[in-house]
Amino acid sequence: MPELPEVETTRRRLLPLLEGKRLLEVRHQDPLRYRHTERARERAVEGVGRRGKFLLLALSGGLEMVVHLGMTGGFRLEKTPHTRAEFLLEDGVLHFHDPRRFGRIWVVERGAYGEIPLLARLGPEPLSPEFRPEAFLQGLRRSRKPLKALLLDQTLAAGVGNIYADEALFRAGLSPFRLGREVSEAEALRLFQALREVLAEAVALGGSTLSDRTYQQPDGLPGGFQKRHAVYGRAGLPCPRCGAPIAKGVVAGRGTHHCPWCQR
DNA sequence: ATAGGCGCCTGTAAGC
DNA sequence: TGCTTACAGGCGCCTA
């Protein structure tokens, strides 16, 4: 699903298509999901940024378009049966594709995120220098939630979703069921490092495209990180480290994959 | 404070 | 074969 690496890949692909271009209009028939898009009419796109899983398009006149891809959202160069909105640009059309309609778009005054509470309280970017091991350790220790739930929370680190939470916990050798307040300092640091490594590798490979091909880049290219998944989507298959079958359970309502031998 | 469960959505896969 | 049911999950919301 679109998590930090997929959204970052999307941002990089959109950059040459959008930056410096004039947005004539955003067409759709769903004003509840795609809010205040009329404000974007005849605005220039001044920048294409990202915070966590949110895409942030800086628009002229001090406005900002915020896009969350939800589970199945993405931009495409071609119209699809699930095109939900069309971005009419001075030199072409960009299609917002979203079969399950969990994606959202807002146009707001730049930085005014009152309508988007999750964006307003987002934690640090895990690939930036603002992501500090001390604060991460404190955050884990303060909570009785399981580690998997803490990674999904967006408060300790922005942009982590189900795939990368499972993969980071595997690399750190930590069970997704372990409670935050029970981890040692060394374990917390392992998780901190593992998270950064997994996310950086996934960004370098263009994110993960699962077999349902839900996530694609705008030109239809798949990502490459799915080939490196050690546990996600591999229930019953051998652990790449020890060969034991990967187990599947539920944490925080999400399918959770781990190696019962390597992750304690 | 936090955990669990539901609802939103729709395509796909599994079960009968 | 054709139908029904389960499942995938990011996030908001409600309840205990």
Side-chain angles (χ1 to χ4, degrees), chain A residues 1-10 28-35 50-56 66-76 80-85 95-106 113-123 126 138-169 176-182 199 202 207-216 223 226 229 231-237 246-258:
Chain A
M1 318 298 111
E3 306 177 28
L4 186 152
E6 291 75 27
V7 180
E8 176 60 19
T9 302
T10 300
H28 61 84
Q29 297 183 314
D30 199 336
L32 291 179
R33 286 190 174 82
Y34 314 130
R35 302 185 67 88
R50 179 190 59 75
R51 272 287 280 139
K53 301 173 197 173
F54 293 89
L55 278 169
L56 306 175
V66 179
V67 181
H68 195 297
L69 301 177
M71 274 189 67
T72 58
F75 287 93
R76 301 291 156 86
T80 73
H82 300 106
T83 289
R84 308 300 186 194
H95 300 84
F96 182 67
H97 161 96
D98 187 14
R100 286 176 221 180
R101 304 182 204 250
F102 286 176
R104 294 287 185 274
I105 299 174
W106 304 258
Y113 301 143
E115 286 184 68
I116 318 168
L118 178 58
L119 177 54
R121 65 179 164 84
L122 220 48
Q138 307 274 317
L140 295 183
R141 284 271 179 81
R142 249 185 280 117
S143 172
R144 306 165 194 274
K145 289 184 182 178
L147 292 178
K148 167 83 179 260
L150 285 164
L151 291 179
L152 293 177
D153 184 71
Q154 309 300 301
T155 302
L156 294 184
V160 181
N162 209 35
I163 295 174
Y164 299 102
D166 281 2
E167 293 297 319
L169 285 163
F177 303 101
R178 280 280 291 285
L179 302 186
R181 62 166 45 180
E182 292 173 355
L199 293 171
S208 301
T209 298
L210 306 183
S211 54
D212 63 6
R213 297 191 54 79
T214 281
Y215 164 73
Q216 299 178 25
Q226 63 283 357
H229 291 178
V231 290
Y232 184 83
R234 300 191 66 249
L237 296 174
I246 298 300
K248 183 166 182 195
V250 176
V251 180
R254 306 284 175 263
T256 296
H257 315 73
H258 82 296

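Just so you know, these numbers use all the heavy atoms, side chains as well, and skip hydrogens, waters and symmetry mates. Reminder, nothing fancy here: chain letters follow the sequence lines and each chain counts from 1.
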Donor-acceptor pair, side chain of [X] and main chain of [Y], under 3.5 angstrom:
X        : Y        : answer
A/Glu6   : A/Ser208 : yes
A/Glu167 : A/Val231 : yes
A/Ser143 : A/Gly180 : no
A/Asp98  : A/Phe102 : yes

Checklist entry - What is the distance from CD of A/Gln154 to C1' of C/dC11, rounded to the nearest Å? => result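 Going from CD in A/Gln154 over to C1' in C/dC11 covers 9 Å.
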
Item to check | Nearest-Å distance for atom pair CZ/P, residues A/Arg104 and B/dG7 | outcome: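 Checked: the CZ to P distance equals 17 Å.
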
Checklist entry - Are A/Thr83 and A/Arg76 close enough that some pair of their side-chain heavy atoms sits under 4.5 Å apart? => result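 When only atoms from C-beta onward are counted, A/Arg76 and A/Thr83 do not touch, as no gap falls below 4.5 Å.
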
Next on the checklist: Show, in sequence, the C-alpha distance, side-chain angles and deciding distance for A/Thr155 and A/Arg121, and conclude whether the side-chain contact (heavy atoms from CB on, under 4.5 Å) test is met.
Outcome noted: CA-CA 7 Å; A/Thr155 302; A/Arg121 65 179 164 84; 3.9 Å; yes

Checklist entry - According to a strict under-4.0 Å criterion, is A/His82 in side-chain N/O contact with OP1 or OP2 of B/dG11? => result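 The answer is yes; a side-chain N or O of A/His82 sits under 4.0 Å from OP1 or OP2.
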
Taking only N/O atoms, report every protein-nucleotides 2-4 of chain B pair under 3.5 Å with atom names and distance.
unit_1, atom_1, unit_2, atom_2, d
B/dA3, OP1, A/Arg144, O, 3.1
B/dA3, OP1, A/Lys145, N, 3.1

Checklist entry - Any idea which heavy atoms bring A/Arg100 and A/Thr72 closest together, and the distance? => result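 Nearest heavy atoms, A/Arg100 then A/Thr72: N-OG1, 3.1 Å.
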
Could you run down the sub-3.5 Å N/O contacts of the protein with nucleotides 7-10 of chain C?
unit_1, atom_1, unit_2, atom_2, d
C/dA8, OP1, A/Lys248, NZ, 2.6
C/dA8, N3, A/Arg100, NH1, 2.9
C/dG9, OP1, A/Asn162, ND2, 2.9
C/dG9, OP1, A/Tyr232, OH, 2.9
C/dG9, OP2, A/Gly255, N, 3.3
C/dG10, N7, A/Arg254, NH2, 3.4

Checklist entry - Salt bridge between A/Asp153 and A/Lys145, side-chain N to carboxylate O under 4.0 Å? => result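 A/Lys145 and A/Asp153: salt-bridged.
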
